[in-house]
Amino acid sequence: VQLQASGGGLVQTGGSLRLSCAVSGRTSDMYNIHWFRQAPGKEREFVAAISRSGGSTWVAGSVEGRFTISRDNAEKTVYLQMNSLKPEDTAVYYCAADPTTTYDYSTIAFWGQGTQVTVSS
C-alpha cells in the first residue's frame with residue numbers, strides 16, 4: 001500500500017488546517033490509517049487513527065476535541081481536520097497504515113512521506 005500526505009502549511013495560533021492522506025494499492029481498504037507527528041528533537045507520536053470501515057476512531061488526548069479524523073473509502077482518502085491549532089502542534093505529520101490500530105510508531109507496517117505543519121504564535 002502507498003500513502004501520500006498533503007495539506008500542511010503555515011497557520012497562526014487558533015487557525016485550522018486539513019491534512020489529506022491518499023491511499024493506494026490493491027489492499028488499501030484492509031488497513032487502519034493513522035496520523036503520527038514528529039516535532040524537532042522529539043520522538044514520533046501518535047495523533048489519530050481510523051478503522052478500515054471508518055466506524056471507529058482513536059485520538060490522542062493532546063488533540064482530543066480539536067482534531068478529527070475521517071475517511072472516504074470511495075475516494076481512498078483519509079482526512080485530519082485540525083482546529084484551534086497551537087504552536088505545540090508544529091511538527092511533520094505522517095500518515096501510516098497498519099492492519100491494526102497501534103500507538104507505537106515502531107510497529108507500523110507502511111509509512112507515507114510527511115507534511116510540515118507550522119503554527120505561529
Side-chain angles (χ1 to χ4, degrees):
V1 62
Q2 293 80 45
L3 306 112
Q4 180 79 31
S6 61
L10 174 64
V11 64
Q12 291 186 332
T13 296
S16 297
L17 280 175
R18 188 177 78 160
L19 304 184
S20 298
C21 178
V23 186
S24 60
R26 284 192 307 153
T27 59
S28 60
D29 59 352
M30 295 176 63
Y31 292 89
N32 292 359
I33 304 300
H34 302 63
W35 287 98
F36 285 80
R37 67 185 181 186
Q38 188 165 19
K42 294 189 176 181
E43 198 168 69
R44 195 167 295 190
E45 65 173 358
F46 171 84
V47 176
I50 190 165
S51 63
R52 283 165 281 186
S53 67
S56 297
T57 60
W58 299 263
V59 181
S62 59
V63 304
E64 192 168 13
R66 300 188 297 121
F67 291 14
T68 304
I69 189 169
S70 61
R71 182 170 192 157
D72 185 337
N73 279 339
E75 295 295 326
K76 294 190 174 184
T77 303
V78 172
Y79 302 100
L80 184 68
Q81 178 66 43
M82 306 186 297
N83 299 328
S84 302
L85 283 161
K86 305 175 181 180
E88 51 263 44
D89 295 318
T90 295
V92 177
Y93 284 70
Y94 299 88
C95 60
D98 197 88
T100 64
T101 294
T102 176
Y103 297 164
D104 183 353
Y105 70 89
S106 68
T107 64
I108 286 286
F110 300 98
W111 288 99
Q113 94 297 351
T115 185
Q116 176 72 47
V117 171
T118 302
V119 184
S120 63
S121 56

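Values below: all heavy atoms of this structure, side chains included; hydrogens, waters and symmetry mates excluded. Fair warning: this is a prediction, and the values are worked out from it, not measured in the lab.
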As a quick check of understanding, evaluate side-chain contact (heavy atoms from CB on, under 4.5 Å) for Tyr105 and Gln38, giving each step before the final call. CA-CA 11 Å; Tyr105 70 89; Gln38 188 165 19; over 6 Å; no
Do Ser106 and Asp104 have side-chain atoms, one donor and one acceptor, less than 3.5 Å apart? yes
Give the intermediate values and the outcome of side-chain contact (heavy atoms from CB on, under 4.5 Å) for residues Cys21 and Tyr94. CA-CA 9 Å; Cys21 178; Tyr94 299 88; over 6 Å; no
So, do Glu75 and Ser20 sit near enough that their side-chain heavy atoms are less than 4.5 Å apart? no
Quick one, Asp89 and Arg37 - any side-chain contact, counting heavy atoms below 4.5 Å? yes
Could you report the tightest heavy-atom contact between [X] and [Y], atom names first, then the distance?
| X | Y | result |
| --- | --- | --- |
| Pro99 | Tyr31 | N-CD2, 3.6 Å |
| Ile33 | Ala97 | CD1-CB, 3.8 Å |
| Ala39 | Ala91 | N-CB, 3.8 Å |
| Ala96 | Leu3 | C-CD2, 4.0 Å |

Which distance, rounded to the nearest 0.5 Å, do you find between the [atom1] of [X] and the [atom2] of [Y]?
| X | Y | atom1 | atom2 | answer |
| --- | --- | --- | --- | --- |
| Asn32 | Thr101 | CG | OG1 | 4.0 Å |
| Asn83 | Thr68 | CG | OG1 | 6.5 Å |
| Ser6 | Gln113 | OG | CD | 8.0 Å |
| His34 | Trp58 | NE2 | CH2 | 7.5 Å |
| Lys76 | Gln2 | NZ | CD | 10.0 Å |
| Lys86 | Ser121 | NZ | OG | 14.0 Å |

For the residue pair Tyr93 and Phe67, categorise the inter-ring angle as parallel (less than 30°), tilted (30 to 60°) or perpendicular (more than 60°). tilted
Single-linkage hydrophobic cluster, 4.5 Å side-chain cutoff, [X] and [Y] together:
| X | Y | answer |
| --- | --- | --- |
| Tyr103 | Ile108 | yes |
| Phe110 | Val23 | yes |
| Val59 | Trp35 | yes |
| Val63 | Met82 | yes |
| Leu80 | Phe46 | no |

Counting N and O atoms only, with roles assigned by atom type, does the side chain of [X] sit under 3.5 Å from a partner on the main chain of [Y], one being a donor and the other an acceptor?
| X | Y | value |
| --- | --- | --- |
| Thr90 | Val119 | yes |
| Thr13 | Ser120 | yes |
| Arg71 | Gly54 | no |

Result of checking Thr118, Leu17, Val117 against Leu10 for side-chain contact (heavy atoms from CB on, under 4.5 Å): Thr118
For the pair Gln81 and Ser16, evaluate side-chain contact (heavy atoms from CB on, under 4.5 Å) and give the outcome as yes or no after the intermediate values. CA-CA 8 Å; Gln81 178 66 43; Ser16 297; 4.0 Å; yes
Identify whether NZ of Lys or CZ of Arg in Arg44 sits under 6.0 Å from the centre of the six-membered ring of Phe36 and within 45° of that ring's axis. no
